[in-house]
There are 2 protein chains.
Amino acid sequence: MEGKRREGGLPPGWRREEVVRKSGLSAGKTDVYYYSPDGKKIRSKPQLARALGDAVELSAFDFRTGRVNFNACRKRLRHDTSLILPIRQTASIFKQPVTLIRNRPESKTKSELKHGPQDQPRQLFWEKRLQGLKPFDNSEEVIQSMDLPRNMQGVGPNLSTENILQSISAALHLGTLPVTGQLASKGSILKNPGVNIDANQPLIQQMLISDEDIRRQEMNVRQARRNLQEAMLKA
Amino acid sequence: MEGKRREGGLPPGWRREEVVRKSGLSAGKTDVYYYSPDGKKIRSKPQLARALGDAVELSAFDFRTGRVNFNACRKRLRHDTSLILPIRQTASIFKQPVTLIRNRPESKTKSELKHGPQDQPRQLFWEKRLQGLKPFDNSEEVIQSMDLPRNMQGVGPNLSTENILQSISAALHLGTLPVTGQLASKGSILKNPGVNIDANQPLIQQMLISDEDIRRQEMNVRQARRNLQEAMLKA
DNA sequence: CGGAGTGCCCGG
DNA sequence: CCGGGCACTCCG
């Protein structure tokens, strides 16, 4: 699973732009603009909400980064008592030794962390908090899950297929980096997850995609399109 | 002291123009232009600064209204420590009872206040903060003050001639309305200045100017011009 | 008159 | 104290 840098999951036709202010008191500050499919320029979250109407839920959408804010979701859940799970909310067993540096002019580590605003750390194996929960459609029909390819292996303690799908989905929606899976070995991750898990990658082992895999998938898509075309001609 | 609406104190030869936009999204907005004595059209404050050169201080000049902004002066002073006076900056003794009305559709008082952007309220008797300060010319010669006509009476606590001149000067430069002096009686103003002072008028009692006064002043001007003409012929 | 670019208020 | 949001300026 390799891929080039994606523009965070914007609907098709939407474009996001970052403009750095070049002069004045606020020089260096960046403004973020969106362009709707019909070319309208959107300059703020309230304006975006107005353009999209009430149907779209934007409370978890971070206007500046253009991505869904993971922790904003957590915040909303916390206040919906029917969704609070009976598990501990902290992860103190994973505490790491920390070096605290104050008032040093630009520690290198610090400036490296500064590449854009960071999300708050998220709970390791958060996916397991969703275990047993299933989405329903309006008529209370259970929405079918998916099967995973045989060569896609989860890494973590007793992960269900749903857990793995959840972590892949989160990685696709929250990150802008290529989604590669975990680079560390399954063994080292289970032994010391706090150190070895890459929180930005889904809980699957790195997969190698061959040119042959890509060709096969392209065939599948073409076949699906032909089927759809036939079905539409008959109707 | 009556007068018709004046064009805020522009140098002679300069003209100010307001043009209302007639159509488009910005219909109703007004653009302000200035014309220099040689007919050049000025469309913005930077352009005006360029045309006038570095000699003219424009930081307190409001391009849209064409007048000097009282509070802009205050703001600059605040950061020049050599000019901060050892007096209190607040006027809490003048606190007034206030009626707060929320969520009423368009209170009449509110909409009346909206006639153009308002200056921030200014300190009552702010002129007294300048007491004892005198302007000097480049050679550190004190610039002579002026005498006031005998029938021009100040209203306020122990106002010096300079205080009165300052308030008249401010009224002439900051306002566009006729300068009439205070209409309320001297007694009521001293008893409750916060209510009874008209902040847009100088701290003098209303003066009645007769046609005879005007004729006499016109004579004075004519005589002064004759004197000047003679002096220039001799030179 | 439009629109990019900046100032600046106000709420958290 | 900071940053989001929007009003406004200024020039094409």
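Below, chains carry the letters A, B, ... as their sequence lines are ordered, and counting in each starts from 1.
Reading DNA chain D from its 5' end, the first and the last nucleotide to sit under 4.0 Å from a heavy atom of chain B are D:dC8 to D:dG12.
Counted within 6.0 Å of NZ on B:K186, heavy atoms from surrounding residues, nucleotides or ligands total more than 12; the atom is thus considered enclosed.
What separates CD of A:E17 from C1' of C:dA4 is a distance of 10 Å, to the nearest Å. The CZ-P distance, from B:F63 to C:dG7, rounds to 18 Å in whole Å. Distance CZ (B:R21) to P (C:dG2): 7 Å, rounded to an integer number of Å. Atom CG of A:L25 is separated from atom P of C:dC9 by 12 Å (rounded to the nearest Å). Regarding B:D31, its CG atom lies at a distance of 8 Å from the C1' atom of C:dC1, rounded to whole Å. The distance between atom NZ of B:K29 and atom P of C:dG3, rounded to the nearest whole Å, is 14 Å.
For A:S26, no side-chain nitrogen or oxygen approaches OP1 or OP2 of C:dG5 to under 4.0 Å. A:S23 has a side-chain polar atom (N or O) that falls below the 4.0 Å cut-off from OP1 or OP2 of C:dT6.
Scored by the side chain to side chain contact (heavy atoms under 4.5 Å, CB included) test, A:L183 finds A:T180, A:Q206 as partners (sequence neighbours excluded). Partners of A:D198 according to the side chain to side chain donor-acceptor pair (under 3.5 Å) rule, which considers only residues two or more places apart in sequence or in another chain, do not exist here. Not counting sequence neighbours, B:D54 has no partner by the side chain to side chain donor-acceptor pair (under 3.5 Å) test. A search for side chain to side chain donor-acceptor pair (under 3.5 Å) contacts involving A:S44 returns nothing, not counting sequence neighbours. The side chain to side chain contact (heavy atoms under 4.5 Å, CB included) check on B:V20 picks up B:T30, with sequence neighbours excluded. In this view, B:I143 and B:P135, B:D137 satisfy the side chain to side chain contact (heavy atoms under 4.5 Å, CB included) rule, not counting sequence neighbours.
A cation-pi contact, defined as under 6.0 Å to the ring centre and within 45° of the axis, is absent between B:K45 and B:F63.
For the contact set between residues 38-46 of chain A and DNA chain C, defined by any heavy atom under 4.0 Å, the members are A:K41, A:R43.
The list of side chain to side chain donor-acceptor pair (under 3.5 Å) pairs with a residue in residues 158-172 of chain B, not counting sequence neighbours, reads B:Q131-B:N163, B:S145-B:E162, B:S160-B:N163, B:N163-B:Q166.
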